[in-house]
Amino acid sequence: MAPAVMLAAADAPKLSSANTGFMLICSALVMLMTPGLAFFYGGMVRVKSTLNMLMMSFISLGIITILWVLYGFSMAFGSDHGSLVGWTSDFVGFGGIGKTDLWPGYTIPVFVFAVFQMMFAIITPALISGALADRVKFTAWSLFVVLWATIVYFPVAHWVWGTGGWAFDLGVIDFAGGTAVHINAGAAALGVILVIGKRVGFKKDPMRPHSLPLVMLGAGLLWFGWFGFNAGSWLGNDDGVGPLMFVNTQIATAAAMLAWLGYEKVRHGACTTLGAASGAVAGLVAITPSGGAVSPLGAIAVGAVAGVLCAMAVGLKYRFGYDDSLDVVGVHMVGGVIGSLLIGLFASGKGQSDVKGLFYGGGLDQFWKQCAGVFAVLAYSLVASAVLAFLIDKAIGMRVPEDEEISGIDRAEHAETAYDFSGAGGGAAGVLAAHAATQSKQSKKVDA
């Protein structure tokens with residue numbers, strides 16, 4: 001063996017059990033985010049739509065897992081083809097991946113990288129579902145998830161993160177998914193709701209959350225899981241960037257929550273629990289692309305800006321008349337745009353790279369790169385998603401009948417209801433029945 005070859009072999013990364021274990025934990029945390037999202041969305045809808053909202057998230061765990069193994073991982077992270085999509089036959093069905101094969105340039109197995117990215121692919125279409133609450137057929141939604149992941153998510157993930165992807169080569173910074181996940185999902189949500197229309201009673205009937213405790217539980221699970229989502233995206237902890245991202249995630253989320261509540265207090269006179277949960281999620285969204293590039297003080301700025309602007313954005317649906325049921329556009333699309341663009345202003349040059357933003361003497365070069373990535377993903381996802389929704393609607397119908405929407409989509413689509421108040425112990429009648437039974441038993445004991 002030639003000395004140069006021997007040196008290259010000696011310098012090649014070796015499997016790190018510490019990084020591998022850390023990434024498996026992060027993968028599990030990201031998986032937990034999808035049930036967390038289900039609770040977050042499930043609490044925000046009316047009682048009659050609770051189960052459907054939960055299922056629209058949960059079904060993604062099944063569908064995307066299978067697609068990812070069959071061809072999704074290959075499309076997203078396989079060898080580049082035209083800077084638009086990847087493909088590596090060894091990745092198809094995971095058939096050509098050895099258990100000790102390392103992801104190129106890293107110290108973790110390919111299987112670990114693949115399952116970590118699988119969890120991102122799972123939650124992204126689930127995010128879209130919040131905009132469509134109360135009115136979409138479950139079969140149509142499931143078909144949409146299959147087509148959208150194939151035509152939109154897998155290619156966009158390659159653009160942003162795949163070696164050879166055009167955004168990756170351009171130098172667009174997206175640490176953990178501001179473009180590929182949040183802008184992608186938010187723009188898709190807008191595209192679909194423009195096709196399927198508003199809920200019956202939009203802007204007329206009260207459509208308040210039925211369970212704010214569920215919303216807060218979901219937000220807490222999302223916040224917890226997001227540490228794996230963000231810190232894990234560096235694929236290891238050998239240089240301190242992952243820990244920086246972990247710290248910035250906490251800081252930005254706190255700042256956004258406080259900023260949202262401050263906006264609510266000034267605008268509406270009260271700090272609401274829904275506002276606290278939504279503000280926290282807005283901060284998590286905004287720091288996702290930027291947290292590896294900004295300082296902790298920069299993270300405060302990113303979170304505060306996102307908290308106020310996302311709080312303002314959620315009201316735009318009433319002004320412009322699009323029915324974004326659970327504010328996916330206002331929080332995820334707008335928050336993703338904010339976090340991605342602010343990299344061009346607040347990148348410190350001391351995080352994931354030496355790239356500096358405008359406020360650190362770097363000029364506007366990175367800002368224009370961020371604009372290119374942001375608006376290309378937004379436009380592609382919006383148009384492609386609208387076309388998919390239109391085709392599915394023409395083929396099998398996207399919406400449930402109006403009478404089923406009014407009576408409750410849970411019973412119509414799933415033959416179940418979230419809460420059963422008919423038995424003993426459910427509602428006032430149940431309490432009285434249980435009390436009467438207890439009194440009868442006590443009377444019999446006295447008589448005996």
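We're numbering straight along the sequence, starting at 1.
In this structure, Asp324 contributes its side chain and Val314 its backbone to no donor-acceptor pair below 3.5 Å. The closest donor-acceptor contact from the side chain of Lys137 to the backbone of Ile396 lies under 3.5 Å. Panel note: side chain Thr179, backbone Val374; no donor-acceptor pair is recorded below 3.5 Å. At distances below 3.5 Å, not a single donor-acceptor pair connects side-chain atoms of Ser129 with backbone N or O atoms of Pro125. Side-chain atoms of Glu264 come within 3.5 Å of backbone N or O of Thr272 as a donor-acceptor pair. With hydrogens and angles ignored, the 3.5 Å screen pairs a side-chain donor or acceptor of Asn248 with a backbone N or O of Gly291. Under the 3.5 Å distance criterion, the side-chain polar atoms of Asn237 are left unmatched by any main-chain donor or acceptor of Asn19.
Contact record, Ser79 with Thr88: N-OG1, 2.8 Å, taken as the closest heavy-atom pair. Scanning all heavy atoms of the two residues, the minimum distance from Asn230 to Leu284 falls at ND2-O, 4.5 Å. Closest heavy-atom contact between Met53 and Ala133: SD-CB, 3.7 Å. Residues Pro109 and Leu15 approach most closely at CG-CD1, 3.8 Å, considering heavy atoms.
Under the 30°/60° scheme for interplanar angles, the aromatic rings of Trp161 and Phe77 are found to lie parallel.
Side-chain contact check for Trp148 and Thr124: no donor-acceptor pair (N or O, by modelled atom type) lies under 3.5 Å. Counted by atom type alone, Tyr41 and Ser325 present zero donor-acceptor pairs between their side chains at under 3.5 Å. For the residue pair Ser381 and Asn184, a side-chain donor N or O sits within less than 3.5 Å of a side-chain acceptor on the partner.
In this structure, Arg199 does not pair ionically with Glu405, as no charged nitrogen and carboxylate oxygen lie closer than 4.0 Å. Between Asp134 and Lys48 there is no salt bridge, since none of the side-chain N atoms of the basic residue sits less than 4.0 Å from a carboxylate O of the acidic one.
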Criterion salt bridge (charged side-chain N to carboxylate O under 4.0 Å, His left out) on Asp327 and Lys317, from CA distance to verdict: CA-CA 9 Å; Asp327 303 322; Lys317 62 184 179 183; 2.8 Å; yes

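Counting non-hydrogen atoms of neighbouring residues, nucleotides and ligands closer than 6.0 angstrom, the OH atom of Tyr322 exceeds 12 such neighbours.
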